[in-house]
Amino acid sequence: MALRLNTLLSVFGRNHCRKPTFTFTTLATPTIAMAITQNQTTSTSKVIDSHLHVWASPQEADKFPYSHGQVPTLPGHVDFLVQCMEDAGVDGALIVQPINHKFDHSYVTSVLKKYPTNFFGCCLANPADDGSGLKQFENLVLKDGYRAVRFNPYLWPSGEKMTNEVGKALFQKAGELKVPVGFMCMKGLDMHISEIEQLCTEFPSTIVLLDHLAFCKPPINDDEGVVFSQLLNLSRFPQVYVKFSALFRVSRVQFPYQDLTPLLSQVVSHFGANHVMWGSDFPFVVPECGYKGAKEAVQLIGNQISLSSSDLEWIMGGTVKALLTS
């Protein structure tokens, strides 16, 4: 992989990229090893992580300052990421602008310029009332080469929705620029489903990415079942794609997160594997199951629902590559 560095500046050893040791009984260890080996040996397609973050190291913070109150508590600099990707056999990734740098994209932009063939950039939409975020968005796409944009509804001014004048202008512009919009529904899809549906209806040419299964956990009551059904019902919009990402955030169990098996089965059934993409949520995933574990979990879950090799290739990189290089 073209990501290799002659000298890694990270003070963290390679073991920090690997998952901690967990004890679980859902799937026997020999079965895990066999499933992983089978998936690794039968696919030659590139593996692309559709969702991760990077931010400046403390040593780089003078040049790339953190946003107020957003000093990271985990290492997330690009040298550490490169280590983890090499260890896990991941070829490329979509870097999502982190809240730690908020609307200052200079660090991520520097990474994109350093590794132009390995990384894509997803910028963070600035929904300021004065509309200044629209010009910033255009510049990030047209001048700096960003290929996606994230809508964080909790950054909208108090009382405003993503369907306000600024939100619609940003969403429409994304469609014109052929840039997918990712939605972060951290507080629940049910809080934002009407906004997403309205935007999809009014601007059908804008591609939509639902981060982290739209934060839907395996339903344990009727209300949660309704919300997951709302996610599946979004498949009626052909422009909607689902990130099967940050599994540790949406699972109710530890690695390998097998309670998500029926969810992936239903998402693939409704949307199609070519509308689903895996993502790690690096670096948050590292202390949870390790970066390599994030990749392995998807392969194991796919094996449990007997995904075809072609479907797994779509999920592990084909979908995001098709979206961002078309």
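Bear in mind that the values here come from a model prediction, so they are computed numbers and not experimental data.
- One side chain, His53 or Asp281, offers a donor N or O that lies under 3.5 Å from an acceptor on the other.
- Aromatic ring pairs are classed by plane angle as parallel below 30°, tilted from 30° to 60° and perpendicular above 60°; the pair His105 and Tyr146 is perpendicular.
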Ring pair (Phe, Tyr, Trp, His ring centres under 6.0 Å) between Phe151 and Trp156: does it pass, once the steps are laid out? CA-CA 9 Å; Phe151 274 31; Trp156 256 252; 5.2 Å; yes

Report all side-chain donor-acceptor pairs from residues 187-196 shorter than 3.5 Å, counting only partners two or more places apart or in another chain.
from   : atom 1 : to     : atom 2 : distance (Å)
His192 : ND1    : Glu195 : OE2    : 3.4
His192 : NE2    : Tyr154 : OH     : 3.0
Glu195 : OE1    : Met162 : N      : 2.8

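- The pair Lys173-Glu138 meets the salt-bridge criterion, since a charged nitrogen lies less than 4.0 angstrom from a carboxylate oxygen.
- Within the 3.5 Å criterion, the main-chain N or O of Val108 finds no donor-acceptor partner in the side chain of Gln97.
- Between the Gln136 side chain and the Phe103 main chain, a donor and an acceptor come within less than 3.5 Å of each other.
- Of the possible donor and acceptor atoms, one in the side chain of Thr319 sits under 3.5 Å from a partner among the backbone N and O of Trp314.
- A distance-only check finds a donor-acceptor pair linking the side chain of Lys243 to the backbone of Ser50 [under 3.5 Å].
- Between the side chains of Glu60 and Ser57, at least one donor N or O lies within less than 3.5 Å of an accepting N or O.
- Using modelled atom types, no side-chain atom of Asp91 and backbone atom of Ile48 make a donor-acceptor pair closer than 3.5 Å.
- Contacts of Lys135 classified as side chain to side chain donor-acceptor pair (under 3.5 Å), with partners at least two apart in sequence or in another chain: none.
- Remark: Asp130 CG is packed, more than 12 non-hydrogen atoms of other residues, nucleotides or ligands lying under 6.0 Å away.
- The backbone N or O of Phe120 sits nowhere less than 3.5 Å from a side-chain atom of Arg147 that would complete a donor-acceptor pair.
- With Ser251 contributing its side chain and Leu247 its backbone, the two residues share no donor-acceptor pair below 3.5 Å.
- Although no hydrogens or angles enter the test, the distance criterion places a donor-acceptor pair under 3.5 Å between the side chain of Thr201 and the main chain of Glu197.
- Of the possible donor and acceptor atoms, one in the side chain of Ser229 sits under 3.5 Å from a partner among the backbone N and O of Gly225.
- Between the side chains of His212 and Ser245, a donor-acceptor pair is found at a separation under 3.5 Å.
- The distance from the NZ atom of Lys114 to the OG1 atom of Thr109 is 14.5 Å, given to the nearest 0.5 Å.
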Asn126 and Phe137: side chain to side chain contact (heavy atoms under 4.5 Å, CB included), yes or no, with the steps? CA-CA 8 Å; Asn126 180 354; Phe137 170 43; over 6 Å; no

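- Heavy-atom contacts from other residues, nucleotides or ligands closer than 6.0 Å to NZ of Lys102 number 12 or fewer.
- Between Phe80 and Phe282, the distance separating the two ring centers is shorter than 6.0 angstrom.
- When atom types are taken as modelled, the side chain of Tyr107 and the backbone of His77 share no donor-acceptor pair closer than 3.5 angstrom.
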